[in-house]
> 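Provided herewith is a single structure, encoded as structure tokens, for subsequent inquiry.
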Number of protein chains: 2
Amino acid sequence: MEKLAAILIVDDDADVRQAAALALAPHVDRIESAASPEEMVERLTPGKFECVLLDMNFLPGERSGRAGIDALAAIRQADPALSVVLMTAYGGVHLAVESLKRGAQDFLLKPWRNDALAAAVTAATLRTRAERSGMPLEELERAAIGKALAQHDGNIAQAAAALGLSRPALYRRMSKHGF
Amino acid sequence: MEKLAAILIVDDDADVRQAAALALAPHVDRIESAASPEEMVERLTPGKFECVLLDMNFLPGERSGRAGIDALAAIRQADPALSVVLMTAYGGVHLAVESLKRGAQDFLLKPWRNDALAAAVTAATLRTRAERSGMPLEELERAAIGKALAQHDGNIAQAAAALGLSRPALYRRMSKHGF
DNA sequence: GGCAAGGTGTCCGTTTTCGGACAGCGGCGA
DNA sequence: TCGCCGCTGTCCGAAAACGGACACCTTGCC
């Protein structure tokens, strides 16, 4: 498989940044690093990265993961299509659940296994690409019609109402899309 | 706030089913129970429930959570709009992460706090309602156009191409939607 | 058995949308 | 300074889509 384009590694520990970069080097064309969420924000140009690998604690002794959750929120606000993989040495179930609910693509415990790290970053990158490519309106329409018909058990009148269409209009679009 | 309509509690332990039903009774009109994923499948009529509260282990001594993951997959296949909250006494970070990645809305450890249980089930129910209501095509179109314009920094030619529209057609729809 | 309600699929005069073409602008490189 | 490229916004004859109305069907209830 071809290499991923560019990812950003965000960790206060230089050794961790280097270890992650080495683990990912066979899979990724360009790897940049930031030592803090502030530096991360400076490096985030829209469209530049396909994935952010993000630590959750940036102060000595800090273990709550709150900084990582906040940084995740900042990324999602700046570029909702950009996928984030979180990593921490101190995560429990609650932090993992909160992370994924707030939009992280994956959550890894340190120390990681290199193959798991590569798999998580690759999957996240594919999701970023899918998000960025978007869909032509025609495909969105086809998907929405299929979903409405399924949701209403094939009842044309109800599906049309749910979609905001008249029945003849829905018939025409169903024909167009091969339903 | 008005009560949730109906939820299904799936757990092999009758005491757990009862405790959960008692905890949720103030918030939910109708609560049904199943003692196994097989029984759960029998009870799942499309549109009947707004949330499933699902245990992850159904055999004495079993702790892997695999049965719950399989049951989650069955629900998501039968009714993708239906939200699932998973619960287990034996879950670690890996199981929690896998659960959410496979589509669970939340993941709770036993023994739960009643307020956390009610909050999770309520949030899941709201997500089910949102999924079921769907969106009129016009709103899907508006959202897709907004997203494409943002993704392409306001470049009309590129956004039109991404959406599968000609430029004049995109201009007309932008006008219609107030862009 | 009849009636009402809500469903089905199609029609056609009217309305809306289509996209190639046009004119013009700004940035960049030679 | 000039030319090229890719962008912008609009036009208009042609094509497509619109939805109220029509005719008919099925189911459930009295």
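Residue numbers begin at 1 in each chain, while the letters A, B, ... track the order of the sequences.
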> Residues two or more places apart in sequence or in another chain: which of them pass side-chain contact (heavy atoms from CB on, under 4.5 Å) with B:Glu32?
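side-chain contact (heavy atoms from CB on, under 4.5 Å) list for B:Glu32, sorted by chain: B:Leu8, B:Arg30, B:Arg43, B:Lys48, B:Phe49.
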> How long is the line joining CG of B:Leu170 and C1' of D:dC7, in whole Å?
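Roughly 14 Å, once rounded to whole Å.
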> Whole-Å distance between C:dT10 P and A:Arg172 CZ?
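Whole-Å distance recorded here is 12 Å.
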> Within residues 161-169 of chain A, which residues have any heavy atom lying less than 4.0 Å from an atom of DNA chain C?
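Nucleic-acid contacts, sorted: A:Arg167, A:Pro168.
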> Whole angstroms only, please: what is the NZ-P distance between A:Lys176 and D:dA15?
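So the two atoms are 18 Å apart, to the nearest Å.
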> Rounded to whole angstroms, how far apart are CD on B:Glu138 and P on C:dT16?
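For the pair B:Glu138 CD and C:dT16 P, the rounded distance is 14 Å.
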> Just how far, in rounded Å, is P of D:dT10 from CZ of B:Arg173?
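Atom CZ in B:Arg173 sits about 18 Å away from atom P in D:dT10.
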> Which residue pairs satisfy the salt bridge (charged side-chain N to carboxylate O under 4.0 Å, His left out) criterion with at least one member in residues 4-16 of chain B, sequence neighbours excluded?
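Listed once each, the pairs are B:Asp11-B:Lys110.
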> Name every residue in residues 139-159 of chain B that has at least one heavy atom under 4.0 Å from any atom of DNA chain C, in order of residue number, or write none if there are no such residues.
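The answer is none.
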> Going by atom type alone, with no hydrogens or angles, which donor-acceptor pairs under 3.5 Å involve a side-chain atom of residues 144-151 of chain A and a protein atom two or more places apart or on another chain?
| from | atom 1 | to | atom 2 | distance (Å) |
| --- | --- | --- | --- | --- |
| A:Gln151 | NE2 | B:Glu131 | O | 3.2 |
| A:Gln151 | NE2 | B:Arg132 | O | 3.3 |

> Identify every side-chain donor-acceptor pair in residues 85-96 of chain A under 3.5 Å, counting partners at least two apart or on other chains, and give the distances.
| from | atom 1 | to | atom 2 | distance (Å) |
| --- | --- | --- | --- | --- |
| A:Thr88 | OG1 | A:Asn57 | ND2 | 3.4 |
| A:Thr88 | OG1 | A:Tyr90 | N | 3.1 |

> When the side chains of residues 172-179 of chain B are checked against the rest of the protein, which donor-acceptor pairs come out under 3.5 Å, sequence neighbours left out?
| from | atom 1 | to | atom 2 | distance (Å) |
| --- | --- | --- | --- | --- |
| B:Arg173 | NH1 | B:Glu141 | OE1 | 2.7 |
| B:Lys176 | NZ | B:Glu141 | OE2 | 3.3 |
| B:His177 | NE2 | B:Glu141 | OE2 | 2.8 |

> Going by the side chain to side chain donor-acceptor pair (under 3.5 Å) test, which pairs reach into residues 152-168 of chain A, not counting sequence neighbours?
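Every pair satisfying side chain to side chain donor-acceptor pair (under 3.5 Å) with a residue in residues 152-168 of chain A: A:His152-A:Gln158.
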> Can you name the residues that form a salt bridge (charged side-chain N to carboxylate O under 4.0 Å, His left out) with A:Arg113, not counting sequence neighbours?
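If we apply the salt bridge (charged side-chain N to carboxylate O under 4.0 Å, His left out) test to A:Arg113, skipping adjacent residues, the hits are A:Asp115.
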> Mark yes when over 12 heavy atoms from residues, nucleotides or ligands other than B:Glu62 sit less than 6.0 Å from its CD; otherwise mark no.
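Count over threshold, so yes.
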